2 protein chains.
Amino acid sequence: MTTIFDVAKKAGVSISTVSRVINNYPYVKDSTRKRVQKLLDEMDYVPNYNASSLVRKKTKTIAVMLPDITNSFFATMFHGIEERANQNGFVVIFGNTNEEIVREEEYVHIFLERRVDGIILDPVSPKGETLGPILKNKVPLVLVDREISGMEISLVSSNNRKGAAELTEYLIELGHERIGLITAASETSVFDMRNKGYVDALKRAGLEVRDEYIKVGVKPIPEVGQALVQSLLESDPPPTALFATNNFLAIGAVYGLRELGYSVPEDMAIVCFDELDIRTVLDPFFTSMNQQVYEMGVKAMDLLLKQINKELNGTEKIYLDPQLSVRHST
Amino acid sequence: MTTIFDVAKKAGVSISTVSRVINNYPYVKDSTRKRVQKLLDEMDYVPNYNASSLVRKKTKTIAVMLPDITNSFFATMFHGIEERANQNGFVVIFGNTNEEIVREEEYVHIFLERRVDGIILDPVSPKGETLGPILKNKVPLVLVDREISGMEISLVSSNNRKGAAELTEYLIELGHERIGLITAASETSVFDMRNKGYVDALKRAGLEVRDEYIKVGVKPIPEVGQALVQSLLESDPPPTALFATNNFLAIGAVYGLRELGYSVPEDMAIVCFDELDIRTVLDPFFTSMNQQVYEMGVKAMDLLLKQINKELNGTEKIYLDPQLSVRHST
DNA sequence: CTGTTAGCGCGTTCAC
DNA sequence: GTGAACGCGCTAACAG
């Protein structure tokens with residue numbers, strides 16, 4: 001590829017002059033500017049951004065690490081991030097952590113080597129075990145979705161506790177008094193908050209919080225939801241309604257219920273967190289609490305930008321309110 | 001951040017020695033290697049990859065441009081690419097083209113500036129209008145999904161024509177003789193091929209290809225599918241079965257049919273290309289021809305790797321066979 | 001085994 | 001207005 005030097009030689013000027021016209025600096029005679037510009041075009045000159053970032057000391061690159069890009073939740077968030085980054089002249093480099101803490105750790109290292117200007121992370125590590133190098137090097141960092149307790153790091157997430165409480169209250173308003181919870185371990189902040197919101201609502205309504213109505217699985221996936229709902233049905237009396245803390249658990253729950261001949265919502269009402277990709281679902285079924293996912297991505301990028309530009313001292317946490325959408329599962 | 005120079009000074013050696021231990025070169029005395037390594041760790045040294053790629057002349061970075069990452073089809077493909085790239089020590093930078101040719105053009109320029117080692121592109125531009133700079137600079141390029149006719153560029157895609165023919169034949173075997181086609185403009189290779197496959201099958205079966213059974217929309221989205229199916233029903237006699245060339249069109253078709261009181265498959269059988277995200281669909285409904293999407297991503301990366309490593313002279317085109325999955329819409 | 005030197009491609013003073 | 005010179009952080013000969 002042609003370099004700034006090649007152009008300079010051909011134009012009979014110094015590289016600094018070429019550099020000046022590339023970067024649109026003043027104090028270049030109009031005639032030479034035009035001459036150089038013409039050569040720039042003719043020679044198909046493409047500036048080497050890496051070389052220039054070496055001296056500018058910023059790469060205009062941010063890194064994004066997400067657990068699973070094939071999950072439409074993360075993909076939508078990613079889209080928001082990318083869009084905003086692009087608008088601000090940033091390029092996005094991406095790493096799928098695959099819910100594996102080792103990959104998160106590896107990617108942190110890789111991205112630091114690339115000298116990214118900032119990082120947006122939906123952490124796999126519940127305690128931020130992988131974050132050391134980022135913090136030590138003071139690289140701007142924004143967490144999304146999942147919070148890490150006890151660490152002062154900027155965050156954009158949803159008001160999970162409040163949303164979960166509202167969702168549970170919705171069931172209570174419908175007249176349900178025995179409400180089951182199907183959820184994942186509290187290790188992940190998101191589920192912790194939703195579990196708490198469920199309890200909040202029950203207590204507020206003066207309903208008993210019964211342990212046998214709370215089923216905790218290892219992973220928030222359909223298979224687990226299916227097993228949990230069946231175990232839930234063994235309680236006596238069984239619940240009349242069910243709160244699944246995410247959509248995959250809810251899907252599994254429906255399968256589990258069907259297997260035993262129960263129908264939804266007649267025999268059991270179901271609500272859950274998160275919407276199923278609306279474009280690919282023929283008949284939206286679940287009454288759900290939907291997060292502002294795209295917005296989360298946008299806000300995360302905005303917050304990161306503030307840190308990169310040093311417009312923020314300290315950290316900031318933003319919680320977006322999820323919204324209830326009533327369908328046929330209740 | 002600490003540099004190789006800082007470490008060298010503190011260790012009392014030259015920077016080349018430090019460089020040698022960083023890159024695990026031989027010919028370094030074991031004792032000094034250990035001493036340097038210790039300092040490297042203590043001082044939290046993180047190599048500046050951009051600086052080293054400046055001299056190595058490769059960035060170990062590839063760029064991926066896709067039309068819409070929130071579409072699970074592209075997200076799955078992206079996942080395959082990322083996984084494979086990561087395994088081979090490559091980092092992925094991503095650009096969402098949003099189906100806009102302008103963004104594709106901008107991103108091409110941006111990625112060239114970043115001196116990516118290769119590019120994987122699902123092109124928006126039907127004729128490759130944005131590819132000039134890539135080809136001119138001989139940057140390794142692999143197209144995925146959509147083909148650009150008349151250009152010798154490596155490609156990984158599906159055998160769309162064959163798949164469409166098989167899908168149509170499946171309907172014919174079911175006894176249908178009047179089969180409608182709901183599709184998007186042939187400008188995009190993928191739809192062009194599927195349209196041809198439909199015609200192939202009809203001709204092979206000795207069935208008439210009737211123009212009024214072929215409805216072409218501007219975009220492959222539900223709204224369009226909905227309108228097209230209703231226009232299709234105006235033909236006399238109307239078809240008894242329908243081939244939608246992608247899943248979004250199929251969804252729209254179902255809506256359109258319902259609106260007029262038709263039920264699927266009783267009044268109208270439907271088949272389509274592409275599966276709806278299986279994890280988020282409670283009751284898989286459509287009989288569909290499913291592409292090996294993840295595999296496409298993997299193969300695209302492998303092919304790009306071959307070009308980057310100059311193990312391939314010329315170009316290569318790979319077509320994966322899609323697979324039929326029979327459900328309840330037929 | 002180790003250090004010196006010369007760049008990689010570019011931005012940025014500082015003179016002229 | 002313009003150019004020479006230095007340096008960003010690192011690798012790669014080449015000496016020694």
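As a basis for the values below, the full set of heavy atoms in this structure was taken, side chains included, without hydrogen atoms, waters or symmetry mates. We name chains A, B, ... by the order of the sequence lines, and we start the count at 1 in each one. Note that the coordinates shown come from a computational prediction; the quantities given were computed from them, not determined experimentally.
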Notebook entry, point to check: Are A:Gln37 and A:Asp41 close enough that a side-chain donor and a side-chain acceptor fall under 3.5 Å?
Noted result: yes
When rounded to whole Å, the CG to C1' distance for the pair B:Asp6 and D:dC10 reads 13 Å
| message | With a 4.0 Å limit, can you tell me whether B:Lys57 has a side-chain N or O closer than that to the phosphate oxygens OP1/OP2 of C:dG9? | response | yes
Of the candidates C:dG3, D:dG9, C:dC1, the side chain of A:Leu54 sits closest to D:dG9
Does D:dC10 have OP1 or OP2 under 4.0 Å away from a side-chain N or O of B:Tyr45? yes
Quick note, A:Asn48 side chain, CB onward, closest among D:dT2, D:dA12, C:dG9 is C:dG9
Q) Are A:Asn50 and C:dC8 close enough that a side-chain N or O sits under 4.0 Å from OP1 or OP2? A) no
Worksheet item: Can a side chain N or O of B:Tyr25 be found less than 4.0 Å away from OP1 or OP2 on D:dA12?
Response: yes
Among the nucleotides C:dG11, C:dT2, D:dT11, whichever has the atom closest to the side chain of B:Ile15 is D:dT11
Please check if atom NZ in B:Lys58 has more than 12 non-hydrogen atoms from other residues, nucleotides or ligands closer than 6.0 Å.
no
Output yes when at least one side-chain N/O atom of B:Ser14 is less than 4.0 Å from OP1 or OP2 of C:dT2, else no. no
> Is a side-chain donor or acceptor of B:Thr97 paired with a backbone partner of B:Leu66 at a separation under 3.5 angstrom?
Replying inline: yes
Separation of D:dC8 atom P from B:Met1 atom CE, nearest Å, is 16 Å
Parallel, tilted or perpendicular, as decided by the 30° and 60° cut-offs, for the rings of A:Phe94 and A:Phe78: tilted
Whole-Å distance, B:Lys58 NZ to C:dC8 P, equals 18 Å
Of the candidates D:dT11, C:dT12, C:dC8, the side chain of B:Ser52 sits closest to D:dT11
Practice item. Check whether any side-chain nitrogen or oxygen of B:Thr32 sits under 4.0 Å from OP1 or OP2 of C:dC1, and answer yes or no. Key: no
N or O in side chain of B:Thr17 less than 4.0 angstrom from C:dG3 OP1/OP2: yes
Closest to the 5' end of DNA chain C, once A:Arg56 and B:Tyr27 are matched to their nearest nucleotides, is B:Tyr27
Practice prompt. Please confirm whether any donor atom in the side chain of B:Ser19 sits under 3.5 Å from an acceptor in the base of D:dA12, or the reverse.
Written response: no
Atom CD1 of A:Ile4 and atom P of C:dC10 are separated, to the nearest Å, by 5 Å
Heavy-atom nearest nucleotide on DNA chain D taken for A:Val55 and for A:Ser16; more 5' hit belongs to A:Ser16
Practice task
Could you tell me whether B:Glu104 and B:Arg146 have a side-chain N and a carboxylate O separated by less than 4.0 Å?
Solution key: no
Atom NZ of B:Lys60 and atom P of D:dT11 are separated, to the nearest Å, by 14 Å
When you measure from the side chain of B:Arg114 to the backbone of A:Asn48, do you find a donor-acceptor pair of N or O atoms at a distance under 3.5 Å? no
**Prompt:** Is there a donor and acceptor pair, one atom on the side chain of B:Arg20 and one on the base of C:dG3, closer than 3.5 Å?
**Reply:** yes
By nearest-heavy-atom nucleotide on DNA chain C, the more 5' of A:Pro47 and B:Arg33 is B:Arg33
